[in-house]
Amino acid sequence: MLLIGTTLGGLPAESIAAPKKPAKAEAVPVPAPADVPPTPSVTGNGIVRSISVQGAQRLEPDTVRSYIKLAPGQPYTREQLDQAIKDLYGSELFADAFISGADTGDLVIHVRENPVVNRIVLEGNKRVKEDKIRPEIKLAPRQIFTRSKVRADVARIIELYRRQGRFAANVDPKMVLLDQNRVDIVFEIHEGAKSRVRKINIIGNEHFSDGRLRSEMATKQTGITKIFSSGTSYDPDRLAYDQQKMRQFYLTNGYADFHVVSAVAELTPDKRDFIITYVVEEGKRYHFGDLNVDSQIRDLKSDRLKYLIHFKKGDWYNAKAVEDTVDTMNETAGLLGYAFADTRPNFQRDKETLTMSVTFQIADAPRVYVERIDINGNTITRDKVVRREFRLAEGDAFNGFRVKRSRDRIQSLGYFQDKLEVEQKPGSAPDRVILETNLEEKPTGQLQVSAGYSSLEKFILSGSITQSNFMGKGQEVRTSADYSIYSKSVSVGFTEPYLFDRSIAVGGDIFRRELNSFNYTDESRKSTYDQTTVGFQIRAGLPLTEFWSLALRYGLSQDKIGLDKSTYYSDYDPATGLENPTGALACDPLLAGRYLCDAIGNRTTSSVGYSLVYDNLNDRRHPSSGRKFVFSQDFAGLGGSVRYIRTKAEGHQYYQPLKGFILSLNGEGGYIKTLEKQRVPGEDPVRLTDRWYLGQPDFSGFDIRGIGPRVLRYSYNSDGTLDTDRKNASDDALGGRAYYLFKAELELPLGNGARELGLRPSIFAIAGSVFGIDQPILQNIGSGGQFRETPTTDASGNVVRTCYDPAGTLASVTVPRNTACPGGLSVYGQTIPGFQEFFYGNTWKPRISVGFGINWNSPFGPFRIDIAKALVKYKGDDPKLFTFNVGTQF
């Protein structure tokens, strides 16, 4: 009887697991079989009389015999028996094998089969998840176990960890023996620390410092400033890339003979870090010599193409400038229909004068036409949704600019992964080209439920469902709901970008919004008016040219604006300030302010508008180049009770001054002209809710509605002096008829790790103002204050007077309005403390702020932090250094 057990070649230990605890293997040595005699030696030739098999469990004897080259009746030698044993081991089906009976010719093949793998267990892997390791393991359940397969899997797992920068990782494979000749294979993984680059040494550089050359490399040295950088981990592929980057740097600075002599990466003894050493030869620095163009294409004249060379003889040699010129010439040829134009620079190096002459040779090529447009990879999106974004059709003359424009339009749909390219492939003839678009779709449906805290709206709850590629037709369906202390909204919308397969977009929205406006009193927010808006809007858009489009819209909404009657109402006549004889309740300017009293009421806005749009952005979601301009006007007065003309213009320009940097220049401005007359003296015809406002989040450095016209109400102290501390004042922003805003922002690049987290830091400068309203009538009360009765109503709804005993000995009673209280009783009400109002901020002069911000697409929703300093401000403005938003769009 064969003992169960074997030693894995190259494995540190084995274990025999109890059936009840197979989860973890314990290393237990297994003794060698005691009843297995060695294969007897054969001193001479013999004849095989019979071949039998012992020890086979799963395999049939005939299957075992088929692996050897011996058969009954054949002669055999010692070498043939040795080869038969090698053949049995070579099948990798047996843990042990030998042959007995060589002296008699009755051969008996003794085998011990390799066990069957029951399962594969991974232990200790924390940094690399199982879904990354499992595909690397070739040994699988129900396969025959072999030592070579285990060794190969160990090597694959270690290589996977090395690709993750963990060169100290090792794998300890173990085997758990089960019944029925089955085993569990356990890979105990010791991940170790991530191997980082401790030092980068450069030998041989004379003209550029080590630090300057390291800045060109993707690999970075470890340090405090590189905490969020993934470039500090060692990667052999990145080592080769850095050599190429260093060579490109020298070639762009005139060193045409530069080359890297050697690059060595040494692992420290503790296997935690690497030290990389480069040996370089810089060579001599070259100037450009003669520059010429030799074009073999009839439509591309050499003398005209010479204007595409943006460097001249005598400039320092720059290989990057030569490559850019080659690309520019090829693109120019593509615009004229020569898709396969081939521009090759021919260099003439003169080591005596240290000059590099270049001749740009353009080989002859036929004018090319589009034979076919292929679209691959779209499983959900319909072909026509992609094809209608192409600016070329099959049979058109090839145009490189239109191909690039088509790529940008398809990418801007937002349905596909980034780095989409339209490949140009030869067609069935030399003058034919196939445009192949390989797509990789991404989820276009979004379900967002978030809770957050905003410095503007405190606690926020929001939820939305959006499908921007509904049923693969490119349609957008959306619904959303938001709730916070100061605002609530719900909306439903739909957009069809191509009506009846024509380039006409139509859509509509239905919405309900509730807004509680507020001011500041004693550094605390105090709700003022509440506004409820219910309405809808329908819109349509059509292109005028490739980049110009026209959008039309119509909207109908009803606004209901009110104030808390228990706080801001009284039965005093607002015009005279005296008690109203009729006892009717009305908004009291002394309690609310004249501007708030003028704003309350119900009104209907029926407006029609248009927008003229120019847009050539390369990506509408996160652009890095291109520009966008929008001019809009809305006319309210097509029915309804509000009449005005609102005009707005905005422009955006994006650049990439350096790799990874994105510079955006944004400007906007607007003006609203009323078509109504002044309703009461001191009131601006443009209503409070229709005006422009500026502040956070559009204008960082100032609080929400923190700049522009406003009324500050200062109270009197107990000693009769006016308290002019801004923190204790009541602050009401009034908005303006006109505004402008300019913003320059530079987005800064980060390492790959930070980009994967969705972090986008930036620095910015902002200038703007809001102004242009009529000065309101200000309210003032002397230091002694003024008493205001608090009226109530009886069961019939009549306004009555409440009388009470200040000492509390008599119950309060009510008497008809304008009736004196019985003797000893006082009128119930409040005394308004004395105050004085001031009007500030109604100036066109710009406010200016500078700051630093971070956008983060966090798991909880968009997150924005701004730290901005107001450099220029005016009296009445409300600056704020730090603001943030979580869970709402910014």
Side-chain angles (χ1 to χ4, degrees), residues 6-28 58 91-95 113-196 230 233-238 271-272 377 379-380 417-419 438 440-443 752-753 755-758 859:
T6 185
T7 302
L8 299 180
L11 305 188
E14 297 179 346
S15 64
I16 300 178
K20 294 183 180 180
K21 296 182 179 180
K24 185 173 181 180
E26 296 180 0
V28 178
R58 297 184 306 273
S91 69
E92 294 193 336
L93 295 174
F94 308 106
E113 295 177 350
N114 274 331
V116 175
V117 176
N118 178 54
R119 61 172 179 161
I120 307 293
V121 180
L122 300 175
E123 292 183 356
N125 56 308
K126 296 180 180 179
R127 300 295 181 181
V128 182
K129 302 302 180 184
E130 285 203 18
D131 58 350
K132 300 293 184 182
I133 300 178
R134 290 284 180 183
E136 300 293 328
I137 299 175
K138 303 307 179 184
L139 194 63
R142 293 182 297 278
Q143 287 187 357
I144 301 299
F145 162 82
T146 66
R147 288 171 283 184
S148 61
K149 290 181 181 179
V150 174
R151 285 195 295 267
D153 286 341
V154 168
R156 292 188 188 99
I157 296 173
I158 291 176
E159 179 60 27
L160 177 63
Y161 271 91
R162 288 188 173 183
R163 291 200 297 266
Q164 300 286 336
R166 298 184 180 275
F167 284 79
N170 65 80
V171 180
D172 184 10
K174 293 185 178 181
M175 183 173 67
V176 181
L177 300 180
L178 305 175
D179 56 357
Q180 300 179 359
N181 200 20
R182 296 176 302 127
V183 292
D184 286 344
I185 303 301
V186 180
F187 292 99
E188 290 188 357
I189 301 173
H190 306 278
E191 296 179 317
K194 197 168 188 178
S195 300
R196 300 189 178 275
S230 61
S233 60
Y234 173 73
D235 187 343
D237 295 334
R238 196 184 292 139
K271 293 186 179 182
R272 294 181 61 88
T379 57
I380 299 176
Q417 300 291 346
D418 294 339
K419 298 182 180 180
N438 295 311
E440 184 180 351
E441 291 183 316
K442 65 181 182 181
N752 294 332
R755 284 199 299 269
E756 291 173 1
L757 291 175

What is the minimum heavy-atom distance between [X] and [Y], and which atoms define it?
X    : Y    : value
R147 : A95  : NH2-O, 4.5 Å
E191 : Y161 : OE2-OH, 2.7 Å
V150 : P173 : CG1-CB, 3.9 Å
L139 : I120 : O-CG1, 3.8 Å
P135 : K138 : O-NZ, 3.6 Å
I144 : K149 : O-NZ, 3.7 Å

Query raised in the report: side-chain contact (heavy atoms from CB on, under 4.5 Å) between I157 and V171: does it pass, once the steps are laid out?
Result: CA-CA 8 Å; I157 296 173; V171 180; 3.7 Å; yes

Report yes if the side chains of [X] and [Y] come closer than 4.5 Å at any heavy-atom pair, otherwise no.
X    : Y    : value
R151 : D153 : no
I137 : R156 : no
M175 : I185 : yes

Roughly how far, to the nearest 0.5 Å, is [atom2] of [Y] from [atom1] of [X]?
X    : Y    : atom1 : atom2 : value
T146 : F94  : OG1   : CZ    : 13.0 Å
L160 : K132 : CG    : NZ    : 9.0 Å
R182 : R119 : CZ    : CZ    : 10.5 Å

Query raised in the report: If only atom types and distance count, is the side chain of E441 paired as donor or acceptor with the main-chain N or O of T379 below 3.5 Å?
Result: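 Side chain of E441 to backbone of T379, a donor-acceptor pair under 3.5 Å: yes, one is there.
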
**Report entry** Exam field: side chain N118 to backbone V183, donor-acceptor pair closer than 3.5 Å
**Finding:**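 Not a single qualifying donor-acceptor pair exists.
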
**Report entry** Those residues that, when tested against F187, pass ring-ring contact (aromatic ring centres under 6.0 Å, His included) (two or more places apart)
**Finding:**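 So F187 forms no ring-ring contact (aromatic ring centres under 6.0 Å, His included) with any residue.
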
Report task. Under the side-chain contact (heavy atoms from CB on, under 4.5 Å) rule, what do E130 and N125 come out as? Steps first, then yes or no, please. Result -> CA-CA 8 Å; E130 285 203 18; N125 56 308; 3.5 Å; yes

Query raised in the report: Taking everything shown except R127 itself, do over 12 heavy atoms lie less than 6.0 Å from its CZ?
Result: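 Not buried by this count: 12 neighbours or fewer within 6.0 Å.
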
Query raised in the report: Out of N170, I133, V154, which residue meets the side-chain contact (heavy atoms from CB on, under 4.5 Å) rule with I189?
Result: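 Passing option: I133.
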
**Report entry** Candidate pair H190 and D172, rule side-chain contact (heavy atoms from CB on, under 4.5 Å), full reasoning
**Finding:** CA-CA 8 Å; H190 306 278; D172 184 10; 4.2 Å; yes

Query raised in the report: Using 4.0 Å as the upper bound for N to carboxylate O, is an ion pair formed by R134 and D131?
Result: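 So D131 does not pair with R134 through a salt bridge.
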
Query raised in the report: Can Q143 and V116 be said to form a side-chain contact (heavy atoms from CB on, under 4.5 Å), step by step?
Result: CA-CA 6 Å; Q143 287 187 357; V116 175; over 6 Å; no

